[in-house]
Amino acid sequence: RSKSRDLVLPFLFQLPSKMPTKKTKTRKLRGHVSHGHGRIGKHRKHPGGRGNAGGMHHHRINFDKYHPGYFGKVGMRHYHLKRNTTHCPTINVEKLWTLVSEQTRGYYKVLGKGKMPKQPVIVKAKFFSRLAEEKIKAVGGACVLTA
């Protein structure tokens with residue numbers, strides 16, 4: 001048998017101590033033959049199977065009552081599902097100047113909210129909104145489309 005493993009934390013805080021052994025149910029049931037599990041039914045290991053066993057068979061009522069829809073399939077299969085097809089991080093025109101010093105950019109689309117400082121700038125991105133393109137060109141800048 002393995003020894004019980006207690007969490008030992010040095011002097012951080014005091015964990016509440018366990019109940020004294022002499023007050024446990026096991027101590028009180030010493031001398032009583034079947035230990036509180038009855039003589040007829042007996043306390044056997046896993047009489048209904050382990051875990052979720054028997055959901056379609058001997059535990060059917062419980063599964064149907066408390067977990068409707070647990071078994072079976074729904075909908076159509078989608079082979080090779082790509083979840084990032086709509087991934088498109090955006091940035092507004094007013095925030096463009098915060099990217100000038102950074103090395104890692106990573107925005108796909110430039111949107112047209114806010115005002116730009118009156119200084120020409122070359123902006124590279126995959127997508128530009130109509131308003132963003134107008135504002136960048138209005139200050140003398142250029143919009144370069146990247147793949």
Side-chain angles (χ1 to χ4, degrees), residues 1-117 121-136 141-147:
R1 298 216 170 151
S2 61
K3 295 178 183 173
S4 65
R5 295 181 183 135
D6 293 334
L7 182 66
V8 178
L9 293 173
F11 60 83
L12 291 178
F13 52 89
Q14 191 69 34
L15 290 172
S17 60
K18 291 190 283 186
M19 188 167 89
T21 310
K22 66 167 79 173
K23 297 220 163 97
T24 57
K25 186 176 181 182
T26 307
R27 299 304 322 150
K28 293 190 187 281
L29 287 171
R30 289 288 185 218
H32 300 274
V33 174
S34 43
H35 227 264
H37 289 291
R39 283 175 186 270
I40 296 161
K42 297 187 189 59
H43 184 219
R44 296 279 161 84
K45 298 277 186 172
H46 299 279
R50 292 176 189 244
N52 289 335
M56 294 282 241
H57 307 283
H58 53 286
H59 293 153
R60 165 72 61 92
I61 288 171
N62 178 291
F63 272 72
D64 288 349
K65 185 174 181 182
Y66 297 109
H67 310 284
Y70 181 83
F71 296 107
K73 300 177 183 178
V74 157
M76 294 178 289
R77 296 185 60 188
H78 188 303
Y79 305 112
H80 196 65
L81 177 65
K82 299 188 204 106
R83 295 191 183 276
N84 65 345
T85 51
T86 56
H87 178 73
C88 186
T90 60
I91 187 167
N92 285 311
V93 163
E94 62 186 1
K95 296 274 180 83
L96 275 179
W97 279 96
T98 62
L99 297 181
V100 172
S101 62
E102 281 187 40
Q103 289 303 312
T104 54
R105 280 130 183 154
Y107 290 98
Y108 282 21
K109 186 170 185 175
V110 182
L111 303 178
K113 180 189 168 206
K115 295 180 179 179
M116 284 193 73
V121 64
I122 298 170
V123 183
K124 293 181 180 180
K126 288 187 178 185
F127 308 104
F128 291 90
S129 69
R130 181 186 53 81
L131 205 60
E133 196 169 355
E134 287 172 11
K135 288 183 178 180
I136 292 167
C143 297
V144 180
L145 291 170
T146 59

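Not one N or O on the side chain of Arg27 forms a donor-acceptor pair closer than 3.5 Å with the backbone of Lys23. In this structure, Lys109 contributes its side chain and Phe128 its backbone to no donor-acceptor pair below 3.5 Å.
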Please set out all donor-acceptor pairs under 3.5 angstrom arising from side-chain atoms of residues 30-41, sequence neighbours excluded.
none

**Asked** Checking side-chain contact (heavy atoms from CB on, under 4.5 Å) for the pair Val110/Val93: CA distance, chi angles, key distance, verdict?
**Response** CA-CA 7 Å; Val110 182; Val93 163; 4.1 Å; yes

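Qualifying ring pair (Phe, Tyr, Trp, His ring centres under 6.0 Å) partners for Tyr108, counting only residues two or more places apart in sequence or in other chains: His87. Considering only residues two or more places apart in sequence or on other chains, Phe63 meets the ring pair (Phe, Tyr, Trp, His ring centres under 6.0 Å) condition with His67, Tyr70, Phe71. Under the side-chain hydrogen bond (donor to acceptor under 3.5 Å, both in side chains) criterion, Arg50 pairs with His46, not counting sequence neighbours. Partners of Lys113 according to the salt bridge (Lys or Arg N to Asp or Glu O under 4.0 Å) rule, which considers only residues two or more places apart in sequence or in another chain, are Glu94.
Of the inter-residue distances, the one linking Ile91 atom CD1 with Leu99 atom CG reads 4.0 Å to the nearest 0.5 angstrom. Annotation: the span from Arg60 atom CZ to His58 atom NE2 amounts to 12.0 Å, rounded to 0.5 Å. Here the straight-line distance linking atom CD1 of Ile61 with atom CG of Asp64 works out to 8.0 Å at 0.5 Å rounding. The distance from atom NZ of Lys95 to atom CG of Leu111, rounded to the nearest 0.5 Å, is 11.5 Å. The CZ atom of Arg83 sits 9.5 Å away from the NE2 atom of His78 when rounded to the nearest 0.5 Å.
Applying the side-chain hydrogen bond (donor to acceptor under 3.5 Å, both in side chains) test to every pair with at least one member in residues 122-133, sequence neighbours left out, gives these pairs: Arg130-Glu134, Glu133-Lys137.
Annotation for Val121 and Ile136: closest pair O-CG2, 4.0 Å, computed over non-hydrogen atoms. In terms of heavy atoms, Pro89 sits closest to Gly106 at CG-O, 3.6 Å.
In Tyr107, the OH atom is not crowded: 12 or fewer heavy atoms of neighbouring residues, nucleotides or ligands sit closer than 6.0 Å. Leu81 CG: more than 12 foreign heavy atoms inside a 6.0 Å radius. Within a 6.0 Å radius of CD1 in Ile122, other residues, nucleotides and ligands contribute 12 heavy atoms or fewer.
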